[in-house]
**Q** 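Got a structure for you, questions after.
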Number of protein chains: 2
Amino acid sequence: METESATREQILTAAHTVFLRRGTSGARMQEIAKEAGVNQALLHYYFGTKQALADAVFRAAASNLLPGVFEVVGSALPLDQKIQTVVDRYIGFLRTRPYLPGYLVSELHADPDRAALLLPRPGVAALAALQQQLDAGAENGTLQPIRAEHFLINMVSMIIFPFLIRPMLDVIFGIGSDQFDAYLTERQRSLPGFIRSALRS
Amino acid sequence: METESATREQILTAAHTVFLRRGTSGARMQEIAKEAGVNQALLHYYFGTKQALADAVFRAAASNLLPGVFEVVGSALPLDQKIQTVVDRYIGFLRTRPYLPGYLVSELHADPDRAALLLPRPGVAALAALQQQLDAGAENGTLQPIRAEHFLINMVSMIIFPFLIRPMLDVIFGIGSDQFDAYLTERQRSLPGFIRSALRS
DNA sequence: GTCTATATGCAGATAGAC
DNA sequence: GTCTATCTGCATATAGAC
C-alpha cells in the first residue's frame, strides 16, 4: 500500500463507474476521463493501458462480491441466523451496487481466465464449518442431507439473480424499475423462510 | 417467414457462435466471416450493419431462454411434477447451450433497453395457473403461501446461476471444467427435492 | 451473390509543451 | 503532473470487379 495520489484515486473511481456500466470492451477511455474531470492522456500516465486500468477495477470489484458471505458462513452462528444474516446483508449490499453482479458476470463471460484474479479458494474453512453444521442436522434427523457447495450456491443464486435480470423483470412480470425496490424488500422478507424450509427434513 | 438463402443461414449460425462467446461489442465481423467460411463483405450484404446482425442473434437467443418453462408451468401437471420437469429439462437444455445465460446477461447489462426485444409478457396465463396451484396448497395447509413471481424466480435462479459463474466455481470450490458436468448432474438430482421441501408448510 | 481492394472513422496510445 | 496535438492501428463499412 503506497500513498495514492488524489488524482489517481479520482480516475480509479471514475473508471469503476464507467466499467461497471459498460464493461471492459464497451467502455471508452474518453468517457472515463470526462467522468473523472481530467484529460485522457492522464489515464495512460497513471495506468499505462486500458487493459491495466480495467484489471485494477475488476480486482477491486471482485474482492467486494463474496468475502462478507464467507465470514458469516464460517462463523459460529446457528444455521437459521446465518441464513437470515446473509440474505439480509447481501441484498442490502447489492441495493447499493446493483450493477456489480451484471458487471462481473459479463467480464467473466467475455474472458473466463479473469476468474484467476479472484482470491484463490477464500472459503475452504468456512465451507467446512457449514458442512459440519449441515451434517449434524442430518444426523439428528432435523435436516435433509445436502452438500455445502450446493446449499451455498442455492442461497446465493436466489439473492443475486434478480439483479442480473432486472431489465427482464419488467418485460416478464411487469416489475418496472420503480417497483424493483419493493420487489427486493419482499424477497428480503420471504427468502430466509424459503431457504430454511428447503433444508428441513 | 420468407425462404432463407443457405448462405444467410450459414452467416447467422456463425454469428450466433461468435456473439455468444464474445458479446456484441467484443465480437469482430472478421471472425464471424471466417467462422462462416465467407467474406466479410457478405455479412454487410445480408445484414447491413453489425448492430443489425447482433440484434438478429439476440432475438433468436432470447426466444430460446424461457418459453419452454412457461409451457410446463402453465400446464395441468401437479406441482411436484412441474418442478421435476422444469429442473430436468432446463438443466439438460443449458448443458447444450452453456454460453446462453452469460451472453444474455451480458447483453442486457450493456444495453438494458434490449429487454424490449423479448416477447412482452409471454407468461401471464401460465403464471396465473401456477399461482392458483400455490394458493390451493396454502389453503389446505400443505404449502407455505408464496407469490408465483418469487417462486418462479427462485427455481430458475438455482437452475441458471451455475452457468453464469462457471469460471468462478473452479476458483471457489475447485470445480474445474472437467468436473462441471458431474456437478450439474448432482444438481439435477438434488434440486427438485430442495425446491419441493422449500414450499412445504 | 461473392469476391478483393479500399475508404472512413474512431479509440488507444504517444510526443512533447507547459 | 497535466495538458494539447498527433500518430497508429484496427474494425466497420463501401466501391466496384467478376
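Chain letters run A, B, ... following the sequence lines, proteins first, then strands; residues in each count from 1.
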**Q** Could you check how far OH of A:Y45 sits from P of C:dG16, rounded to whole Å?
**A** 17 Å

**Q** The side chain of B:A41 lies closest to which of these nucleotides: D:dT12, D:dC3, D:dA15?
**A**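 Of the candidates, D:dA15 comes closest.
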
**Q** Kindly point out which of D:dA11, C:dG12, C:dG1 is positioned nearest to the side chain of B:R28?
**A**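 It is D:dA11.
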
**Q** Contact class for B:Y46 (heavy atom, under 4.0 Å): base, sugar-phosphate, or nothing?
**A** sugar-phosphate

**Q** Of the nucleotides D:dA13, C:dT14, C:dT2, which has the atom closest to the B:H44 side chain?
**A** D:dA13

**Q** Would you mind reading off the distance between A:Q40 atom CD and D:dT6 atom C1', rounded to a whole angstrom?
**A**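 It is 12 Å, rounded to the nearest whole Å.
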
**Q** Could you work out which one of C:dT2, D:dT2, D:dT12 sits closest to the side chain of B:K50?
**A** D:dT12

**Q** To the nearest Å, give me how far apart CD1 (B:I11) and P (C:dC3) are.
**A**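 Nearest whole value for this atom pair: 9 Å.
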
**Q** Roughly, in whole Å, what's the span from CG in A:L43 to P in C:dA11?
**A**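 Whole-Å distance recorded here is 14 Å.
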
**Q** Sub-3.5 Å donor-acceptor pair from the side chain of A:Y90 to the main-chain atoms of A:L65, do we have one?
**A**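 Pair found, side chain donor or acceptor close to backbone of A:L65.
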
**Q** Which pairs would a plain distance check flag for residues 174-181 of chain A, meaning a side-chain donor or acceptor within less than 3.5 Å of a matching protein atom at least two apart in sequence or in another chain?
**A**
residue, atom, partner, partner atom, Å
A:D181, OD1, A:R95, NH1, 3.4
A:D181, OD2, A:R95, NH1, 3.2

**Q** Under the side-chain hydrogen bond (donor to acceptor under 3.5 Å, both in side chains) criterion, do A:D55 and A:Q51 qualify, and how do the steps go?
**A** CA-CA 6 Å; A:D55 284 348; A:Q51 190 59 43; 3.3 Å; yes

**Q** Any side-chain N or O of A:T49 below 4.0 angstrom from OP1/OP2 of C:dG12?
**A**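 Checking C:dG12 against A:T49, no side-chain N or O comes under 4.0 Å of OP1 or OP2.
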
**Q** Consider the side chain of B:L42, meaning its heavy atoms from C-beta on, and name the nucleotide among D:dG1, D:dT12, C:dC3 that approaches it most closely.
**A** C:dC3

**Q** Hey, are A:D135 and A:Q131 close enough side-chain-wise for a donor-acceptor pair under 3.5 Å?
**A**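 The answer is yes; a qualifying pair exists.
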
**Q** We want to know whether B:S157 and A:S157 form a side-chain donor-acceptor pair, criterion being a heavy-atom distance below 3.5 angstrom.
**A**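 Distance-only check fails for B:S157 and A:S157.
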
**Q** Can you tell me how the ring of A:H150 sits relative to the ring of B:Y183, calling it parallel under 30°, perpendicular over 60° and tilted otherwise?
**A**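 A:H150 and B:Y183: parallel rings.
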
**Q** What's A:A52 touching, base or sugar-phosphate or nothing? Going by heavy atoms closer than 4.0 Å.
**A**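 Counting heavy atoms under 4.0 Å across all strands, no contact is made by A:A52.
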
**Q** Please list, in numerical order, the residues of residues 29-39 of chain B that have a heavy atom closer than 4.0 Å to any atom of DNA chain C.
**A**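 Residues of residues 29-39 of chain B under 4.0 Å from DNA chain C: B:V38, B:N39.
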
**Q** State, to 0.1 Å, how close A:F70 and A:L152 come at their nearest heavy-atom pair, and which atoms those are.
**A** CE2-CD1, 4.0 Å

